[in-house]
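Just so it is clear, the values below take in all heavy atoms, side chains as well, and ignore hydrogens, waters and symmetry mates. Note on naming: letters A, B, ... go to the chains in the order of the sequence lines (proteins, then strands), and numbering restarts at 1 for each one.
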Number of protein chains: 2
Amino acid sequence: MPYDPSAFPPFAVTVDLVVLTVRKDALYALVVRRGEPPYQGRWALPGGFVRDDEDLESAAGRELTEETGLRSQALEDQDAGAHLEQLATYGAPQRDPRMRVVSVAYLVLAPDLPSPIAGGDARSARWAATDALLEAADGADREAEEQHVPLAFDHGEILRDGVERARSKIEYSSLATAFCPAEFTVGELRRVYEAVWGVALDPRNFHRKVTGTPGFLVPTGGTTTRQGGRPAQLFRAGGATLLNPPMLRPEV
Amino acid sequence: MPYDPSAFPPFAVTVDLVVLTVRKDALYALVVRRGEPPYQGRWALPGGFVRDDEDLESAAGRELTEETGLRSQALEDQDAGAHLEQLATYGAPQRDPRMRVVSVAYLVLAPDLPSPIAGGDARSARWAATDALLEAADGADREAEEQHVPLAFDHGEILRDGVERARSKIEYSSLATAFCPAEFTVGELRRVYEAVWGVALDPRNFHRKVTGTPGFLVPTGGTTTRQGGRPAQLFRAGGATLLNPPMLRPEV
DNA sequence: CCAATAGTGTCTATTAGACATTATATT
DNA sequence: AATATAATGTCTAATAGACACTATTGG
């Protein structure tokens with residue numbers, strides 16, 4: 001096709017973030033309250049327009065920092081910080097009633113933050129259990145109830161895809177450690193798996209499995225009793241990104 | 001953010017296709033020759049602009065039909081036709097020197113086509129071995145050689161991501177059948193795995209594994225000798241999309 | 001006959017999962 | 001002492017992988 005700037009329709013491009021964390025033994029997502037129409041007053045995923053000279057991943061990282069104060073951490077990096085990866089792109093013609101918007105969604109896996117949310121636009125941001133958010137997206141009949149209001153736009157669908165991505169990725173990658181602080185115990189890592197998958201795992205088999213997978217965990221030498229009981233060894237994430245053999249999700 | 005149409009920079013949105021097929025026991029990708037600058041004369045992935053009122057997946061399906069005559073087949077459908085799924089989105093600011101373009105890449109897995117390519121713009125389209133295309137992307141030193149010219153734009157990177165997606169997805173899904181005709185033998189399916197992974201598999205263990213995985217294969221009753229030797233049973237793809245247990249790629 | 005592919009059977013080392021036991025902290 | 005969590009050990013059924021063997025075509 002010949003180059004003709006008038007031959008293509010103009011789009012707005014945004015990034016939306018599915019920021020997940022584990023707290024209170026459940027999976028939580030970051031949502032922000034919308035201040036203007038459409039969907040005024042409803043909860044939505046954080047996000048915003050991609051700037052003129054900005055890479056997509058840079059835009060996602062910038063939005064993340066603006067909303068949470070977290071530093072993003074691309075796939076390559078190993079240091080502390082949240083894991084960030086591209087999730088999928090959503091571009092149905094009427095997904096935003098104002099104009100044609102294509103949104104590139106990014107998935108962020110973050111440890112439970114000490115301060116609730118320390119960002120700029122934090123007044124109207126909160127963590128919400130993904131269970132409740134996704135229930136709302138399904139059962140549209142009882143919206144009147146407490147938290148059972150679906151997310152704005154197609155953000156319910158995006159959140160569902162993000163949760164499913166997280167659930168499957170911790171099977172065959174070491175990403176579950178992204179939900180943990182820099183140093184963590186085997187029990188804490190197990191509680192991450194249990195929260196994300198929504199199942200109970202045998203602590204003894206889990207311990208044998210993760211400590212036996214090469215490159216998954218590296219002992220730091222320290223111990224902690226923050227969970228009560230016998231002191232547990234502290235680990236940090238090892239260099240391995242792909243787990244072989246994978247962690248097996250029960251009865252799938 | 002308040003709604004202000006002048007507040008966001010305009011983007012062009014395109015779809016690019018990674019169309020893969022198995023032929024001659026190797027993985028091949030569809031490429032088209034560029035007629036205009038930039039990268040004039042170079043090979044590129046097929047693709048084009050998303051139209052004003054068009055869904056992203058519809059645009060990908062339309063481009064696929066235009067380029068190959070194939071009917072696309074979204075994830076839900078089970079009938080004959082190529083498998084189509086979203087791969088990833090590429091939006092580096094300078095990836096197209098003419099203007100800011102965000103490209104949503106789609107992955108298509110197609111059976112080996114009887115006629116080479118029966119589409120509109122087929123004059124300058126061909127199947128190319130992915131090995132050669134990706135070698136070119138790596139070793140930029142010997143571009144002078146036969147096919148060792150890298151793909152236009154960032155299409156080498158997109159192709160690499162598509163091949164990697166295909167390699168990993170046939171492990172835990174029944175997608176390998178998308179490379180086969182409607183009816184196929186266990187041996188033909190095994191050659192698909194061998195071509196995509198680039199390994200040799202034990203025919204006897206493979207047979208036991210795939211026929212023992214519930215929902216993977218459904219016998220049609222017919223037989224064929226098109227491969228020579230003893231007649232082989234014909235199968236079609238079963239309803240299962242996720243394989244449990246997964247096929248295991250050797251020595252990864 | 002031989003060569004080629006299809007299909008089934010057998011053996012073994014490994015492993016997932018169930019569960020016992022010991023260790024070390026707090027209350 | 002009672003209780004909680006950590007860590008290691010044992011047993012068994014299931015399985016991946018190696019490989020023997022038979023079946024059925026074409027040349």
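Side-chain N/O atoms of B:Arg230 and base N/O atoms of D:dG26 include no donor-acceptor pair closer than 3.5 Å. Evaluation of atom-type donor-acceptor distances gives no pair under 3.5 Å for the side chain of A:Arg204 against the base of C:dA18.
For B:Phe184 and B:Phe235, the gap between ring centers reaches or exceeds 6.0 Å.
Between the CD atom of A:Glu171 and the C1' atom of C:dA16 there is a distance of 14 Å, given to the nearest Å. Rounding to whole angstrom units, CG of residue A:Leu248 and P of C:dA18 are separated by 12 Å. Whole-Å rounding puts the B:Leu217 CG to C:dG7 P distance at 11 Å. The interatomic distance linking B:Phe206 (CZ) with D:dA18 (P) rounds to 15 Å, in whole Å. Straight-line distance from the CG atom of A:Asn205 to the C1' atom of D:dT12: 13 Å, rounded to whole Å. Atom CD in B:Gln233 sits about 13 Å away from atom P in D:dT24, given to the nearest Å. Distance, A:Arg208 CZ to D:dA6 P: 17 Å, rounded to whole Å. The interatomic distance linking B:Leu234 (CG) with C:dA6 (C1') rounds to 12 Å, in whole Å.
When heavy atoms are screened at a 4.0 angstrom cut-off, A:Arg226 is found touching no nucleic acid atom at all.
Near-neighbour residues of DNA chain D inside residues 192-203 of chain A, defined by a heavy atom below 4.0 Å, are absent.
With hydrogens and angles left out, the side-chain atoms of B:His155 and B:Glu157 include no donor and acceptor closer than 3.5 Å. A:Glu57 and A:Gln86 form no side-chain donor-acceptor contact under 3.5 Å, judged by distance and modelled atom types alone. Defined by atom type and a distance below 3.5 Å, a donor-acceptor pair is present between the side-chain atoms of B:Asp161 and B:Tyr90.
Between the side chain of B:Ser174 and the main chain of B:Ala240, a donor-acceptor pair closer than 3.5 Å is present.
Comparing D:dA16, D:dA6, C:dA16 by their closest approach to the side chain of A:Gln227 singles out D:dA6. In this structure, of C:dA6, C:dG7, C:dT10, it is C:dA6 that holds the atom nearest to the side chain of B:Thr185. For B:Val186, the listed nucleotide lying nearest its side chain is C:dG7; candidates were C:dG7, C:dG17, D:dT24.
Looking at B:Arg236 and B:Glu183, no side-chain N of the basic residue comes within less than 4.0 Å of a carboxylate O on the acidic one, giving no salt bridge. Remark: A:Glu194 engages A:Arg190 in a salt bridge, criterion side-chain N to carboxylate O under 4.0 Å.
Residue whose closest nucleotide on DNA chain C sits further toward the 5' end, between A:Gly228 and A:Pro246: A:Pro246. Nearer to the 5' terminus of DNA chain D, by closest-nucleotide assignment, is the contact made by B:Pro245 (compared with the other of B:Pro245 and B:Thr225). Remark on DNA chain C: of its neighbouring residues B:Gly229 and B:Phe235, the 5'-side contact belongs to B:Gly229, judged by nearest-heavy-atom nucleotide.
Residues B:Val108 and B:Val18 fail the side-chain proximity criterion, which asks for heavy atoms closer than 4.5 Å.
Between A:His207 and the phosphate of D:dA7, there is a side-chain N or O to OP1/OP2 separation shorter than 4.0 Å.
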